[in-house]
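Read the structure below first, then the notes.
For this chain, numbers begin at 1 and follow the sequence in order.
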Amino acid sequence: MSELALSPSSQACCAPTALTEPISRRDAEDLSLMLKAVADPTRLQIISFITTSKSSEACVCDITEAFDVSQPTISHHLKVLADAGLIAKDKRGTWAWYAVNTDRWKELAAVFQQTACC
């Protein structure tokens with residue numbers, strides 16, 4: 001199978017908009033944190049579960065029941081997502097409720113939006 005060779009101008013033209021210029025180390029680390037957080041099938045399922053739940057939020061008890069993994073594993077995945085800023089936690093009594101941080105997801109989505117190709 002042969003690879004398609006792109007000229008430098010066409011590479012820049014069709015590159016994701018957030019990566020058409022060099023980014024700082026801090027921004028690269030922040031982006032890497034988000035990408036690592038979503039690079040796990042269970043975490044993607046948790047995000048899907050939260051966004052499709054009533055009111056787009058879910059109690060940790062419901063999240064734990066929905067998956068065939070232990071409660072400590074769910075807690076770990078929720079912590080990774082929260083540390084990346086992709087979900088927000090709201091403590092209500094003894095339970096924690098989670099919702100998607102839409103602003104943070106917009107930042108992540110912007111990385112993959114392309115400029116108009118030449």
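For Asp30 and Arg104, the salt-bridge test passes: some basic side-chain N is under 4.0 Å from an acidic carboxylate O.
Within the 4.5 Å cutoff, side-chain heavy atoms of Ile74 are placed close to those of Ile46. Side-chain contact between Ile47 and Ile87 is present, with heavy atoms from C-beta onward closer than 4.5 Å. Looking at heavy atoms from C-beta onward, Val100 lies in side-chain contact with Thr51 at the 4.5 angstrom threshold.
Trp105 CH2 to Leu86 CG: the interatomic distance, rounded to the nearest 0.5 Å, is 5.0 Å.
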For residues 31-42, dump all side-chain donor-acceptor pairs below 3.5 Å to protein atoms at least two apart in sequence or in another chain.
unit_1 : atom_1 : unit_2 : atom_2 : d
Asp40  : OD1    : Thr42  : N      : 2.9
Asp40  : OD1    : Arg43  : N      : 3.1

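Taking Ser24 as the reference, Arg26, Asp27 meet the side-chain contact (heavy atoms from CB on, under 4.5 Å) condition, with sequence neighbours excluded.
Scanning both residues, Phe49 and Asp62, for their nearest heavy atoms gives CZ-O, 3.7 Å. In plain terms, the two heavy atoms of Ile50 and Ala58 that are nearest each other are CG1-CB, 4.1 Å. The heavy-atom pair separating Leu108 from Phe112 by the smallest distance is O-CD1, 3.4 Å.
Applying the 6.0 Å contact sphere to NZ of Lys91 captures more than 12 heavy atoms from other residues, nucleotides or ligands.
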message: What verdict does the side-chain hydrogen bond (donor to acceptor under 3.5 Å, both in side chains) test give for Gln71 and Ser75, after you've listed the backbone C-alpha separation in whole Å, the side-chain angles of each residue and the deciding distance to 0.1 Å?
response: CA-CA 6 Å; Gln71 181 276 324; Ser75 292; 2.6 Å; yes
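Side chain of Arg92 to backbone of Trp97: no donor-acceptor contact under 3.5 angstrom is found. Checking side-chain atoms of Ser48 against main-chain N and O of Leu44 turns up no donor-acceptor pair under 3.5 Å.
Cluster membership for Phe67 and Leu81, using ILVMFWY side-chain heavy atoms within less than 4.5 angstrom, is shared.
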